[in-house]
Amino acid sequence: MDKNLETVRHSTSHLMAQAVKDLYPGVKVAIGPSIETGFYYDFDYEPGFTEEDLEKIEKRMHEIAAANIPIERKVMKRQDAIDMFTKMGELYKVDLLESITDDEVSTYTQGTFTDLCRGPHLASTGEIKAFKLLSLAGAYWRGDEHNKMLTRIYGTAFPDEKSLKDYLTFLEEVKKRDHRRLGKDLDLFSISDEVGAGLVIYHPKGALLRWLLEDFERREHLKRGYHFVVGPHILKLDMWKKSGHFENYRENMYFTKVDEVEYGIKPMNCLSHIMVYKSQVRSYRELPLRYFELGTVCRHEKSGVLHGLMRVREFTQDDAHIFLRPDQLHEEILGIIRFVQDVMAIFGFQFEMEISTRPAKSIGSDEDWERAEKALQEVLDSEGLPYEINAGDGAFYGPKIDIKLKDAIGRKWQCATIQCDFALPERFDLHYTDSDGLRKRPVMLHRVVLGALERFMGVLIEHFGGKFPLWLAPVQVMVMNITDDQGPYVKDIFDALIREGVRAETDLRNEKLSLKIRESVVKKIPYMIIAGKKEMESKTLTVRVRDGGELKDISLEDFINRVKDENTTRR
RNA sequence: GCCCAUGUAGCUCAGUCGGUAGAGCACAUCCUUGGUAAGGAUGAGGUCAGCGGUUCAAUCCCGCUCAUGGGCUCCA
């Protein structure tokens, strides 16, 4: 982020802290950094804050800003700072100071408020021009759920009023694109508390969208040498014990009992794929073996994290497990990255990559982890692809490359991931016969391209703002009459369209044309065919195009060809 | 799971300082057959999230549960 903007925001967070301390004596301040979207400050305040408090605080902030109080930096010995903050009763600051190793620390003072802070800050509160407090939230001290929960106040700040206003307008735009809003408006899906939290019910148009994605996926996987497999939803508990899931992933799993035998409902698809591999003796000649499944998994996500389609408890991954020789790792990983690149280009997503390394809870030897991490890193390095390291964030069985999409308005979403696994082949004693006749251990890659179809759909809805490209639009063409006389003509057009595989609907209601058009526009349907007396007599079409313009006097045949062409080229 | 807020018709929301509720859109019927973003009339529709408590009386007050939203932690 822009250094200046960062300073503005950081100073605004101090301004807020000062206002809060003014208004609510006894509040303890924790930390208050600038963040990508603004700033926050965490407070320890027993009664907690309410929305009304935000207004009061904001008002006080304006007063302090108007008073134009100088912000002064002071350097002191760490021990002196500890003494000072102890005296002030700011125990969180003392806690922070105790984990700082430097001899000297800096503080910033504005009027009656002094904060431990590295800085930099603006010279005076009068330089803070444009800010707004946005929301309240709970946040654990130091981000650890075992610690006390503090109250966090989020706000945003900009160097000038116009930028602030633009940002608030942007937030409105984000709201309009919200997939939960659009999911309802476009009648794509619902989530019902009668059915259960985090469980998605697809309505016809949403199910069609999903089917289109699945169809796309199957074709793309076939093109790249994947084999389709299908496994069961529940597998015996012993399998999950053997794989390490029971040990490392139990809190996310559901269990059930059938005839006194314990089963685990799958949270991942790998075990069945492993069983397919194990079903025969494998030769080095047939590797890599790529098993693909649109596999539905159930994960017990904590109730507080569920979010529309983005975070659910049952979802379907475009999952594959690739069994290969160690010498094939580089090429295969690269192949997956190319696959992801191809697919994301089609949807119009940019993306960034991260490598996640060994987490605390994990299986496998140190050497294997090192080999696996190296394999992933080496591919990205050799291709000159930039990435960041996300330490300790790997899967329990192996490190991974996480791919974060950037959508149309710049937000990032984690969808695709590539995980390198030496551990499960070991645990399930997988092998192949190598060219020298010896039994050897294959490596396993776990990978998804779109990730979870639910999340991907959510991202797609927001990315396109509900305005799907023709090839993904559940309804591609709406055919409407002007008066009842054109009913049969509309039906003829409709029949011809669906016969040719065009996804069409008719609007034959006894309503004014302007109403029908409005509703089609609201539903963001790519094409509207308007059939009145003129068109019926001349046997032509008048087509209104979603993105502007009109096709006049076009023949039905030409129109169908146009739609088909647009569909195959995925424009 | 934790913190805060919210839950009223299919949807978006009013409302009742405690006396069992209202609008717009959607839906149904009728009138209207209208050429590019909302024609008109009438009607139907709600155990005010669920369960307890306080009260003569609870949609409203209190408690619990569930769900949703904003976050924290976690993740595809």
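Here is the naming used below: chain letters follow the sequence lines, and residue numbers restart at 1 for every chain. Small disclaimer: the values here were computed from a predicted structure and weren't measured.
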Determine: side-chain N/O of A:Arg313 to OP1/OP2 of B:rC75, distance under 4.0 Å, yes or no.
-> no
Determine the interatomic distance between C1' on B:rA5 and the same-named atom on B:rU47; round to the nearest Å.
-> 26 Å
A:His307 and A:Arg180 have their tightest heavy-atom pair at CE1-NH1, 3.1 Å
Between B:rU12 and A:Lys184, is there an OP1 or OP2 to side-chain N/O distance shorter than 4.0 Å?
-> yes
With the side chain defined as heavy atoms from C-beta on, A:Lys534 is closest, among B:rG35, B:rU68, B:rU33, to B:rG35
Taking atom P in both B:rU54 and B:rC60, compute the distance separating them and give it to the nearest angstrom.
-> 15 Å
Between the base of B:rA67 and the side chain of A:Glu194, is there any donor-acceptor pair under 3.5 Å?
-> no
Paired with B:rC64 by Watson-Crick or G-U wobble geometry, both distances under 3.5 Å: which nucleotide is it?
-> B:rG50
Using purine N1 to pyrimidine N3 plus N6-O4 or O6-N4 for Watson-Crick, or N1-O2 and O6-N3 for G-U wobble, both under 3.5 Å, which nucleotide pairs with B:rC17?
-> none
Any strand is fair game: report the nucleotide pairing with B:rC75 by Watson-Crick or G-U wobble, both distances under 3.5 Å, or none.
-> none
To the nearest angstrom, the CE-P distance between A:Met268 and B:rC75 comes to 10 Å
Salt bridge between A:Lys302 and A:Glu145, side-chain N to carboxylate O under 4.0 Å?
-> yes
Roughly how many Å is it from CG in A:Asp484 to P in B:rC31, rounded to a whole number?
-> 12 Å
Touch check for A:Arg180, heavy atoms < 4.0 angstrom, all strands: base, sugar-phosphate only, or nothing?
-> sugar-phosphate
Pick the C1' atom in B:rG46 and in B:rG10, then give their distance to the nearest Å.
-> 12 Å
Once you apply the 3.5 Å cut-off to both distances, tell me the Watson-Crick or G-U wobble partner of B:rU36, or none.
-> none
Nearest-Å distance, CZ (A:Phe49) to C1' (B:rG71)?
-> 15 Å
Please give, in whole Å, the distance from B:rC3 P to A:Asn147 CG?
-> 15 Å
Indicate whether OP1 or OP2 belonging to B:rA76 is found under 4.0 Å from a side-chain N or O atom of A:Lys400.
-> yes
Look only at the side chain of A:Glu220 and the backbone of A:Glu217, and say whether a donor-acceptor pair between them is shorter than 3.5 Å.
-> no
Counting only heavy atoms not in A:Gln350, do more than 12 sit closer than 6.0 Å to its CD atom?
-> no
How would you label the contact of A:Arg447 with the nucleic acid (heavy atoms, under 4.0 Å): base, sugar-phosphate, or nothing?
-> nothing
Would you mind classifying the nucleic acid contact of A:Val448 as base, sugar-phosphate or nothing, using non-hydrogen atoms under 4.0 angstrom?
-> nothing
If we take the P atom in both B:rU68 and B:rU12, what is their distance in whole Å?
-> 15 Å
Could you tell me whether A:Asp393 contacts a base, only the sugar-phosphate backbone, or nothing, with contacts defined as non-hydrogen atoms closer than 4.0 Å?
-> sugar-phosphate
Quick one: does NZ or CZ of A:Arg250 land under 6.0 Å from the six-membered ring centre of A:Phe246, within 45 degrees of the ring axis?
-> yes
Describe the nucleic acid contact of A:Leu136 in one word from base, sugar-phosphate, nothing, applying a heavy-atom distance below 4.0 Å.
-> base
For A:Glu535, report the nucleic acid contact type (base, sugar-phosphate, nothing); a contact means any heavy atom under 4.0 Å.
-> base
A:Asn252 backbone acceptor or donor facing A:Arg299 side chain under 3.5 Å = no
Mapping A:Arg311 and A:Thr542 onto RNA chain B by nearest heavy atom, which one lands closer to the 5' end?
-> A:Thr542
Write down the distance between CG (A:Leu134) and C1' (B:rA5), rounded to a whole number of angstrom.
-> 16 Å
Would you mind pulling out the nucleotide paired to B:rA23, Watson-Crick or G-U wobble, both distances under 3.5 Å?
-> B:rU12
So what does A:Ser514 touch, heavy atoms closer than 4.0 Å: a base, only the sugar-phosphate, or nothing?
-> sugar-phosphate
Value in whole Å for how far the P atom of B:rC72 lies from CG of A:Asp44 | 18 Å
Provide the Watson-Crick or G-U wobble partner of B:rA41, both distances under 3.5 Å; none if there is no partner.
-> B:rU29
Would you classify A:Tyr154 as touching base, sugar-phosphate or nothing, given that sugar-phosphate means primed atoms plus P, OP1 and OP2, and contacts are heavy atoms under 4.0 Å?
-> sugar-phosphate
Among B:rG71, B:rG1, B:rC11, the one nearest A:Ala137 by side-chain distance = B:rG71
From B:rU12, B:rU36, B:rG34, nucleotide with atom closest to A:Arg544 side chain | B:rU36
When every non-hydrogen atom of A:Gly364 is compared with those of A:Arg358, the smallest separation belongs to O-NH2, 2.9 Å
Report the nucleotide, chosen from B:rU68, B:rG71, B:rA38, that has the shortest atom-to-atom distance to any side-chain atom of A:Ile191.
-> B:rU68
Using a heavy-atom cut-off of under 4.0 Å over every strand shown, decide if A:Gly143 touches base, sugar-phosphate, or nothing.
-> sugar-phosphate
A:Arg509 CZ to B:rA26 P: how many Å, rounded?
-> 9 Å
Scan A:Lys523 against the nucleic acid and name what it touches under 4.0 Å (heavy atoms): base, sugar-phosphate only, or nothing.
-> nothing
For A:Val312, which contact category applies under a 4.0 Å heavy-atom criterion: base, sugar-phosphate, or nothing?
-> base
Pick the P atom in B:rC48 and in B:rG22, then give their distance to the nearest Å.
-> 14 Å
Would you indicate which nucleotide in B:rA76, B:rG34, B:rU73 comes nearest to any side-chain atom of A:Tyr140?
-> B:rU73
If you check every side-chain atom of A:Val305, which of B:rU36, B:rG1, B:rU33 has the closest atom?
-> B:rG1
C1' atoms of B:rA57 and B:rG19, separation to the nearest Å = 7 Å
Out of B:rA76, B:rA26, B:rG39, which has the shortest distance to the side chain of A:Glu519?
-> B:rA26
Can you tell me if A:Arg177 uses its side chain to pair, donor with acceptor, with the backbone of A:Glu462 under 3.5 Å?
-> yes
Please report the shortest heavy-atom distance between A:Tyr41 and A:Ser13, naming the atom on each side.
-> CD1-O, 3.4 Å
Do we count A:Phe315 as stacking onto B:rA76 if the rule is ring centres under 5.5 Å and planes under 30°?
-> yes
With rounding to whole Å, what would you report as the distance between B:rG50 and B:rA38 at their P atoms?
-> 39 Å
So what does A:Glu454 touch, heavy atoms closer than 4.0 Å: a base, only the sugar-phosphate, or nothing?
-> nothing
note: A:His307, atom NE2; B:rG71, atom P; distance rounded to Å ~ 8 Å
Whichever of A:Asp193 and A:Thr151 has the more 5' nearest nucleotide on RNA chain B, that residue is A:Thr151
Taking atom P in both B:rA14 and B:rA49, compute the distance separating them and give it to the nearest angstrom.
-> 14 Å
With a 4.5 Å heavy-atom cut-off, do A:Phe456 and A:Asp318 have their side chains touching?
-> no
Has the side chain of A:Arg181 got a donor or acceptor that lies under 3.5 Å from a partner of the other kind on the base of B:rC11?
-> no
Could you check whether A:Lys516 gets within reach of a base, just the sugar-phosphate, or nothing at all, counting any heavy atom under 4.0 Å?
-> nothing
